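Report on the following structure.
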Amino acid sequence: MGLLDGQVAIITGAGGGLGRAYSLLLAREGAAIVVNDMNADAAHGVVAEITAAGGRAVASIGDVASPSAGAAILQSALDAFGAVTILVNNAGILRDKSFANLSEAQWDAVIQVHLKGAFCVTQPVFRWMKENGRGGVIVNTASSSGLGGSFGQTNYGAAKAGLWGFSNCLALEGLKYGIRVWTLCPAAATPMTEGLMTPEMRAQWSPERVAPVLLYMVSGLSGDRTNRTLFASGSKVMEVKMVSGTPLPNHAGFSAQDIAAAADRLFLPDTPLDFNS
Ligand SMILES: NC(=O)c1ccc[n+]([C@@H]2O[C@H](COP(=O)([O-])OP(=O)(O)OC[C@H]3O[C@@H](n4cnc5c(N)ncnc54)[C@H](O)[C@@H]3O)[C@@H](O)[C@H]2O)c1
């Protein structure tokens with residue numbers, strides 16, 4: 001018995017890197033997989049790997065960033081497997097540039113794939129899950145660049161922090177339909193991070209070390225937990241969340257000078273998010 005017997009998962013950008021590792025593990029646990037990628041050879045390759053191992057999968061080729069592609073990806077799941085119960089918004093690209101040198105095209109390309117892509121694929125899937133009453137799990141992919149910051153990635157960081165906000169809101173809308181929504185913040189040696197990690201790090205930070213965290217999120221092992229963010233790398237798994245500091249009561253109205261005088265109490269201690277160790 002697999003953890004995902006009877007489940008159908010759509011995984012975007014699943015032709016390589018993390019998406020491939022997610023697809024192989026979820027298929028091993030019994031889920032039927034819709035392998036989306038804009039790279040047809042890569043998507044068909046992952047489908048072949050899954051079917052060779054005795055699993056079920058189909059490819060759905062296309063760029064996630066259009067409503068028609070989102071509808072087509074859902075249709076692939078319905079045509080092949082009659083349902084969708086899991087969606088992993090994983091497709092992504094980088095166009096790194098320091099902000100002063102960033103072009104509009106580099107800004108648009110990144111926002112388009114990550115943010116608009118998540119909208120275009122999630123909306124038809126969410127509607128289907130809502131109307132069909134079986135509930136489901138949606139996982140959106142953020143990044144330490146969005147949640148903690150990273151030099152030269154204002155476009156990517158904005159998109160990734162945007163996905164975190166998207167998750168927070170969608171989780172609330174999904175509650176009454178039994179649709180759980182997670183944010184996964186991965187770090188792994190993939191084609192995307194080629195040249196950004198030492199060989200030692202690449203050996204340890206395999207996508208296969210992140211995939212079990214995704215499996216936890218989408219399986220019954222996480223119960224009814226929703227609206228949470230986990231960071232997962234080759235060296236650790238940790239929750240990441242927004243916290244508020246101690247409130248200063250504002251009964252009489254603050255001047256800017258009052259805020260300055262209270263700054264020691266207002267700001268939380270500066271404990272940096274540690275994503276790298
Ligand atoms: N690898 C990391 O350390 C890391 C860190 C933080 C976040 N992420 C995020 O994890 C996700 C997967 O990253 P990865 O490292 O496996 O990257 P990757 O480049 O290895 O794989 C991404 C896949 O997405 C596909 N893709 C790109 N644009 C697409 C589009 N418009 N439509 C459909 N498919 C598209 C690519 O063809 C590729 O197969 C991305 O969202 C990325 O931003 C990765």
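First listed ligand is number 1; within each ligand, the first listed atom is number 1. Just so it is clear, the structure is predicted and the values come from calculations on it, not from any experiment.
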- [ ] Could you tell me whether some N/O pair between T141 and ligand 1 is separated by less than 3.5 angstrom?
- [x] no
Any G117 heavy atom less than 4.0 Å from ligand 1:
no
The closest protein heavy-atom partner of atom 44 (C) of ligand 1 is L18 CD1, 3.8 Å
* Under a heavy-atom criterion of less than 4.0 Å, does A188 contact ligand 1? -> yes
When distances are taken from atom 20 (O) of ligand 1, the protein heavy atom at minimum range is P191 CD, 3.2 Å
With side chain to side chain contact (heavy atoms under 4.5 Å, CB included) as the criterion, how do Q7 and V137 come out once you've worked through the C-alpha distance, each side chain's angles and the decisive distance to 0.1 Å? CA-CA 10 Å; Q7 307 289 322; V137 188; over 6 Å; no
Within 4.0 Å of some non-hydrogen atom of V113, the atoms of ligand 1 are 28 (N), 31 (N)
| Hey, are S222 and R228 close enough side-chain-wise for a donor-acceptor pair under 3.5 Å? | no
among protein heavy atoms, the one nearest atom 5 (C) of ligand 1 is P186 O, 2.9 Å
| said: Using a 3.5 Å cut-off on N or O atoms only, is N39 in polar contact with ligand 1? | reply: no
Classify the side-chain pair S255/D258 by whether it contains a donor and acceptor separated by less than 3.5 Å.
yes
Among non-hydrogen protein atoms, atom 43 (O) of ligand 1 lies closest to Y156 OH, 2.5 Å
Rounded to the nearest 0.5 Å, the CD atom of E208 sits from the CZ atom of R20 at a distance of 6.5 Å
Distance col, row K97:NZ vs L102:CG, nearest 0.5 angstrom, shows 9.0 Å
(Q) Do V58 and F81 have side chains that approach each other closer than 4.5 Å (heavy atoms only, starting at C-beta)? (A) yes
Quick note on ligand 1: atoms under 4.0 Å from a heavy atom of T193 include exactly 1 (N), 2 (C), 3 (O)
among protein heavy atoms, the one nearest atom 19 (O) of ligand 1 is M192 CB, 3.5 Å
Tell me whether the count of non-hydrogen atoms from other residues, nucleotides or ligands lying under 6.0 Å of CZ in F119 goes above 12.
no
(request) Carefully, step by step, assess S167 and W182 under the rule side chain to side chain contact (heavy atoms under 4.5 Å, CB included). (result) CA-CA 7 Å; S167 272; W182 289 86; over 6 Å; no
Quick look: N36 vs ligand 1, heavy-atom contacts under 4.0 Å, and the answer is side chain
Query raised in the report: If you measure from each heavy atom of D37 to ligand 1, is any distance below 4.0 Å?
Result: yes
Discussion item. Just to check, does Q112 reach to within less than 4.0 Å of ligand 1 when the distance is taken from its heavy atoms?
Written reply: no
Quick note on ligand 1: atoms under 4.0 Å from a heavy atom of I93 include exactly 27 (C), 28 (N)
* To do: Apply side chain to side chain contact (heavy atoms under 4.5 Å, CB included) to K160 and Y156, showing your working.
  => CA-CA 6 Å; K160 289 311 205 182; Y156 183 74; 3.5 Å; yes
Margin query: Within the 3.5 Å criterion, strictly below it, is a donor on D79 or Q75 matched to an acceptor on the partner's side chain?
Written below: yes
Side chain to side chain, V139 and T183, heavy atoms closer than 4.5 Å: no
Report yes if the side chains of I86 and L4 come closer than 4.5 Å at any heavy-atom pair, otherwise no. yes
The closest protein heavy-atom partner of atom 11 (C) of ligand 1 is N90 O, 3.0 Å
TODO: Consider ligand 1: state whether an atom of it lies below 4.0 angstrom from any non-hydrogen atom of A142.
DONE: yes
Open item on the list: A side-chain contact here means heavy atoms from C-beta on lying under 4.5 Å apart; do W164 and V240 qualify?
Closed with: no
Residue, atom and distance of the protein heavy atom nearest atom 28 (N) of ligand 1 read M38 SD, 3.5 Å
Flag yes if more than 12 heavy atoms outside D5 fall under 6.0 Å of its CG atom; otherwise flag no.
yes
One finds that the ligand 1 atoms under 4.0 Å from a non-hydrogen atom of G62 are 32 (N), 33 (C)
Next on the checklist: Below 4.0 Å from ligand 1: does a non-hydrogen atom of H114 turn up there or not?
Outcome noted: yes
A student comparing G17, A40, G13 should find that the heavy atom closest to atom 24 (O) of ligand 1 comes from G13
Of all protein heavy atoms, the one nearest atom 32 (N) of ligand 1 is V64 N, 3.0 Å
If we number the atoms of ligand 1 from 1 as shown, the ones under 4.0 Å from a heavy atom of G16 are 39 (O)
